[in-house]
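Following: one structure in structure tokens, then a few remarks.
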2 protein chains.
Amino acid sequence: MQEANRRSQSTRREATKARLVSAARRLFAEKGFAATSTPEVAAAAGVTRGALYHHFADKTALFRTVVEEEHLILAMSIEAAAGTDEEPGPVKALLQGGDAFLTAMQDPGRRRILLVDAPAVLGRDELDAIDARHSLRTLIEGLGAAMDAKAIRDLPLEPLARLVGAMFDRAAMADEATMPDYRKAMRALVRGLKT
Amino acid sequence: MQEANRRSQSTRREATKARLVSAARRLFAEKGFAATSTPEVAAAAGVTRGALYHHFADKTALFRTVVEEEHLILAMSIEAAAGTDEEPGPVKALLQGGDAFLTAMQDPGRRRILLVDAPAVLGRDELDAIDARHSLRTLIEGLGAAMDAKAIRDLPLEPLARLVGAMFDRAAMADEATMPDYRKAMRALVRGLKT
DNA sequence: TCTTGCATACATGCAGCCTGTATGTTAGAG
DNA sequence: CTCTAACATACAGGCTGCATGTATGCAAGA
């Protein structure tokens, strides 16, 4: 019963944490970080603030966990889309990854959390570090592969990826009506990378 | 004495407001919006919180004023730099404006206020509206002129400007050491706009 | 010109909320 | 049976926004 027992403890722990993170994600998405209070999150998760502060150092730590999760989902979506075809070629993989990013970013709550609140709450440096482990990493890998294949010019990889990422972030904020215009403009800009 | 008297009142008013905005700008720049309290701002300005709330509806309104001022300075710097040469040509004007933007953005406090805190505090929509009246407007005008001169391709103007603006914002976050790499990558991307 | 009444620029005080921590309490694990 | 971990409860401090007080211009009439 050791295993069962130990798991029942850690299961409970993880379940509580998951409920907190889930409730927090919903509230942060709807009302933003500043307008969401910890009593609110705890109530939505069906626990007290004591539980929240038992599992997370502070409100920011809870937000950080939400951000990490969202970034993880994002990176997985991108990689799944970029790796669908058998022999896609690096350029096609990039385009598919970009589409997957824009699709995943259709969720307004995700946009608010990742693009609006996260830089201010976590600070640009920390958010950049998180990004570097997830979405940006996929972009760097994709651009690097394209460079190796001589499909695009040789350029400083991370700065280029950061710039392209910033463009994608901005495009993700566009409403559906103007999205085609953003795509057109992005295509023109990315055109400059071709060898 | 009507004029003198009336001016003495409004002079006092403007002086107090200016001191509040100046103190707020300094504190927001150093510690960010969330970590700056209204007692702190009032003390730094040498008044009480009563004065602050007499002149500004709330803490956010004070921040909004600071943001507007910073954006105004930015737009003026850009336009001054873009309009120096006699017959610059639209492309050269764009390059000079871009340089002026990056130079003005060297101030870390300005970066924090405009690029980190402003989107979260004011919301992306309102900040976009402010931007549209100032820095972004200069970019739209510049790109529009370049399009009219057939120097760059015909593309949806505002989306293009927003994307290029996002690139510049990101480049402005780079430290001095990696700035040349960002410039290289930006040059390549902008290259795609050429006719 | 004097003073009188009002509006405006502030100061002070108050109510409510929120965050983070410190201290209980219960239940599982060894 | 003890001990530790997962919570709940209670508390202290700070902050925001408003409501109320006060004093100083300021304009108009006697």
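Letters A, B, ... are given to chains in the order of the sequence lines, protein chains preceding strands, and every chain is numbered from 1. Fair warning: this is a prediction, and the values are worked out from it, not measured in the lab.
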Between CG of Leu20(A) and C1' of dC7(D) the distance, given in whole Å, is 11 Å
Taking atom types as modelled, find out whether Thr11(B) and Glu14(B) have a side-chain donor-acceptor pair closer than 3.5 angstrom.
no
Main-chain N/O of Asp131(A) paired with Ser135(A) side-chain donor or acceptor, under 3.5 Å
no
Can you find a side chain N or O atom of Thr38(B) that sits less than 4.0 Å from OP1 or OP2 on dT16(D)?
yes
Check nucleotides 8-12 of chain C for protein N or O atoms closer than 3.5 Å to its own N or O atoms and list the pairs.
residue, atom, partner, partner atom, Å
dA9(C), OP1, Arg13(B), NH1, 3.1
dA9(C), OP2, Arg13(B), NH1, 3.0
dA9(C), OP2, His54(B), NE2, 3.3
dC10(C), OP1, Arg12(B), NE, 3.3
dC10(C), OP1, Thr16(B), OG1, 2.9
dC10(C), OP2, Thr16(B), OG1, 3.2
dC10(C), OP2, His55(B), NE2, 2.7
dA11(C), OP2, Thr48(B), N, 2.9
dA11(C), OP2, Thr48(B), OG1, 2.4
dA11(C), O5', Thr48(B), OG1, 3.1

Show me the pairs that pass side chain to side chain donor-acceptor pair (under 3.5 Å) and involve residues 98-119 of chain B, at least two apart or across chains.
Arg25(B)-Asp107(B), Glu70(B)-Arg110(B), Asp99(B)-Arg183(B)
Gap between atoms OH and P, on Tyr53(A) and dG20(C) respectively (whole Å):
4 Å
Students often get this wrong, so: under 4.0 angstrom with heavy atoms, is Thr60(A) touching a base, only sugar-phosphate, or nothing?
nothing
Which donor-acceptor pairs under 3.5 Å do the side chains of residues 188-195 of chain A make with protein atoms, sequence neighbours left out?
residue, atom, partner, partner atom, Å
Arg191(A), NH1, Gly192(B), O, 3.0
Thr195(A), OG1, Lys150(A), O, 3.1

Integer-rounded Å distance: dG14(D) C1' and Lys31(B) NZ:
13 Å
Asp181(B) and Thr178(B) side chains, donor-acceptor separation under 3.5 Å:
no
Within this structure, what is the CZ-to-C1' distance between Phe56(A) and dA6(D), rounded to whole angstrom?
14 Å
Begin from the C-alpha positions of Arg64(B) and Phe56(B) and carry the test side-chain contact (heavy atoms from CB on, under 4.5 Å) through to its verdict.
CA-CA 10 Å; Arg64(B) 184 176 5 251; Phe56(B) 301 94; over 6 Å; no
Atom CZ of Phe33(B) and atom P of dC15(D) are separated, to the nearest Å, by 14 Å
